[in-house]
Each structure stands twice: as structure tokens, then as C-alpha cells.
Protein chains: 2
Amino acid sequence: MARTVAERTDIIPVLAEIFREHGFEGASLSIIGEKTGLGKGSLYHFFPGGKEEMAAAVLHEIDTWFENNVYRPLREAQNPRAAISGMCGAVIDYFHSGRRICLVGAFALDNVRDRFTDQIKDYFSDWKTALAAALQRAGHDEAKASELAEEAVISIQGGLILSRALGEPTLFERAMKKAEERLLT
Amino acid sequence: MARTVAERTDIIPVLAEIFREHGFEGASLSIIGEKTGLGKGSLYHFFPGGKEEMAAAVLHEIDTWFENNVYRPLREAQNPRAAISGMCGAVIDYFHSGRRICLVGAFALDNVRDRFTDQIKDYFSDWKTALAAALQRAGHDEAKASELAEEAVISIQGGLILSRALGEPTLFERAMKKAEERLLT
DNA sequence: TAAATACTTTACCGATTAGTACAGTATAGA
DNA sequence: TCTATACTGTACTAATCGGTAAAGTATTTA
């Protein structure tokens, strides 16, 4: 039989988009099979734990992406203000200017939240602490840095919801610009 | 047979909590039957359109609640600043200090978003315009009022997500206090 | 080239899904 | 009290769900 996919890692971004579009429960194995081009046999070969393992793998990939492209730059860049600015740009790109939802945020509101509690919690908590660290290095005291970081993450998540709900991608870009202003002044 | 529920309207709040807890797809008819104490026969008697009609009825009830308790007071109260302050209190109560999610926001991220596009859109759009109207009557120009209103609704939705994700109800109260400050200064 | 491993296809399982049909019972109005 | 309507319980459908089993075919390793 023809080999369709060489690497398990190639499937994960496809799974991510499926979960974004249909949610965890709505992402049936038939949809997954259709969009990945893989039969059930192959899917359970790569993910013996079934849908739950697929979603966990997606969340893990999201986590490493943010660690590499958002959290670590915030913690380690020489210029913290440039790193914060860079974060805002990376976020706009990642969420396709508000046309793409945040899977972790969606899971947090979904009934699967209990199955992925820790991964969801870490995502937001890591983001907050990394951003607060950059803000502190930019001159804010600990309390103010934590407050500003929390506000920014809130604005991102809320902006994604409203942007999606109203069908206005520009809303998200506006919210990000506002958030960046508040972080840098 | 014993009559269990007198009014269709009595069931809707129960349905709302079920959808909040399990999502639209996750709210199976067996769960709904169990929590409402109604058999399928009764459920389809009250809601011939099935789950979709149930969810639509819940969204409609939410809309009228916000119209009566949030939007209209914002539009019509003599003292707009007091009305804004009242809105913040009502919102904290309604969402149980962040322990309760916003069903409309959850639907906006879910795969049912396409089935209830208009009701979701109206919810956020009505909220924005009502709050902007109050802000204008409080002295802001149209552009600034619209900007502040959008920011506030964003903070509410984002606050609910983070509060839920991190398991910190105090986060939502903090976000609401911040939002109120920004609206009233 | 031969054997071991990696991947795929197909067929199947029991459980659950939303929804329908309909007979039966309770209630309300005349 | 009789009748019409409102409501409920039970049984049923066809479809789909996530998951399993196992035989078959590639690909890699020795």
C-alpha cells in the first residue's frame, strides 16, 4: 500500500486545524481520517491513545511553539521592549490577524477542559510569567509587571473571541495595537 | 403520569447550565433528560426542533436578560456613570465572579458558531453599542466611547477565559475592577 | 536477500447518538 | 361528566461514534 505520511509530526498541524474547526468532540475520526488522508489503522498506529492522545500531542506542539517563539524570547532577549514588540507581531501572525482561534482558549471553555487542565493552565501561566519577566526587566516593579502581563493576555483572548464572533479581523489587530501601547508606556 | 414541569420557560435555565457544562455537542439528550427530569417525549413536545431549538431558546433567554439588566439600563439610565458601574456589578454577579463561563463566548469558539452566527453577533454588538452610548452620554466623543466599550467587552471575555483556565475566580474580579476604572476615568 | 519492523487496509464491535411514532395518562374547559 | 388538548413513557429507528483485531503490504535493517 502507498505510504502517505512519513512522519507523525507532519500530521499534528493538520490535527490542530481540525480541532480548531470542529472542537474536540466534533472532530470525529471520520473527519480526521478524511482530512489527514489516513485510515483508522494508521491513526491508531501513530496515536495508540486515540483522540485524547492526538489532542495532547497538538497541545504539546502548541506549547513548544510558544516556548520557542514567545516565552523564551521574552525571558532572554537583551532588549525587553523589543521582545515585547516582537511578541505582539508574532501573536498577530500566529492567529492570522484574528481569523484563527486560540485552541487552548477554546478548550478552556469546552467540556474537555477537565481532561487537559494542566496543559491549559501552563499555557496561560507560562505566558503571563514570561511577559511579566520582560516587563520587569523593562523597568516595572514586580506587581505592576504582573498586572500588565495579565491584562495583555486577557486582551489577546478576549480580542480573539470578539473578532471571531463579530467577523471582524481588524478588531483583533486594533486590540493588539492597544495592548502593545499599554505594555510599552 | 405525574406532571413534572408546568412551563417550558422553567426548563430553559436548566438547559443553559447543561450547555455551559457540556457544550452543544456534549449535551446529549440522555444528559438533558437526566438533568431536566424530562423524557424525550416531553422534550420534543416543548422543543420540536430538538437540540438546536433548545440552544436557540437558551440564547434568546440570555439575550433578553442582558437587554433588561445590562443594555437598556446603559442606554436609558439618567446617570450614565452609575449605569456603567451597575453593569460591572451585574456582570460579576451573572458570571458568578468568574466561576461561570459565557455561553455565547463559548459558542463563538465552538463548531456550532455557524448555526447561531446572528445571535452571537448581536449579543456582542448590542453590548458594545449600549456601553458606547452610556460612555458618550458621560462625556466621551463617539470614537473614544466606541473604543472604550470594545476594550471593556474584550476584557470581560478574556477575563472569563483566563479565570476559568487558571482556576482563579479572583482574576475575573480583578479584571472587572480594572475595566471599571478605565471606563470611569 | 532474508527477516524484522513500520505502516495500511478492511471488517468488525458494542455503545451511543438525535430523532420519530404512538399509545397512554393527566389536566382544562364546556 | 364528557371531550379536547397537553403532556409523558416506551419502544424503536438508522446512523454514527470511538475503538479493536488481524491480515496484508511496504520499508528498513542485518
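Letters A, B, ... mirror the listed sequences (proteins, then strands); counts begin at 1.
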- Can you tell me how far C1' of D/dG19 sits from CD1 of A/I32, to the nearest Å? 12 Å
- Message: What's the separation between atom CZ in A/R75 and atom OG1 in A/T129, rounded to the nearest 0.5 Å?
- Response: 7.5 Å
- Message: Taking the minimum atom-to-atom distance to the side chain of A/S42, which one of C/dT8, C/dA18, D/dT8 wins?
- Response: C/dT8
- So, is B/S28 near the phosphate of C/dT17, with a side-chain N or O under 4.0 Å from OP1 or OP2? yes
- Query: Going from CG on A/N111 to CD on B/E21, what distance comes out if it is rounded to the nearest 0.5 angstrom?
  - Reply: 9.0 Å
- When the distance from NE2 of B/H22 to P of C/dT17 is rounded to whole Å, what number comes out? 11 Å
- Measure from the side chain of B/L29, starting at C-beta and using heavy atoms only, and say which of D/dA6, D/dG19, C/dA18 lies closest. C/dA18
- Of the candidate nucleotides C/dA18, D/dT20, C/dT8, which contains the atom at the shortest distance from the side chain of A/F46? C/dT8
- Let me know the distance between CD of B/E7 and C1' of D/dT8, rounded to the nearest Å. 17 Å
- For the pair made of CG in B/L38 and C1' in C/dA18, what is the distance, rounded to whole Å? 17 Å
- Taking only the side-chain nitrogens and oxygens of A/S30, find out if one of them lies under 4.0 Å from OP1 or OP2 of D/dT16. no
- Find the distance A/E34:CD to D/dC17:P and express it as a whole number of Å. 11 Å
- Give one of base, sugar-phosphate or nothing for A/G50, where a contact means two heavy atoms less than 4.0 Å apart. sugar-phosphate
- Item | Test salt bridge (Lys or Arg N to Asp or Glu O under 4.0 Å) applied to B/E150 and B/R182, B/K128, B/K144, the passing residue | B/K128
- Roughly how far, to the nearest 0.5 Å, is the OG atom of A/S146 from the NE2 atom of A/H140? 12.0 Å
- Query: Nearest nucleotide by nearest heavy atom, which residue falls closer to the 5' end of DNA chain D, A/G26 or A/G41?
  - Reply: A/G26
- Query: A/H45 NE2 to D/dG19 C1': how many Å, rounded?
  - Reply: 17 Å
- Heavy-atom donor-acceptor pair, B/K40 side-chain to C/dG19 base, under 3.5 Å: yes
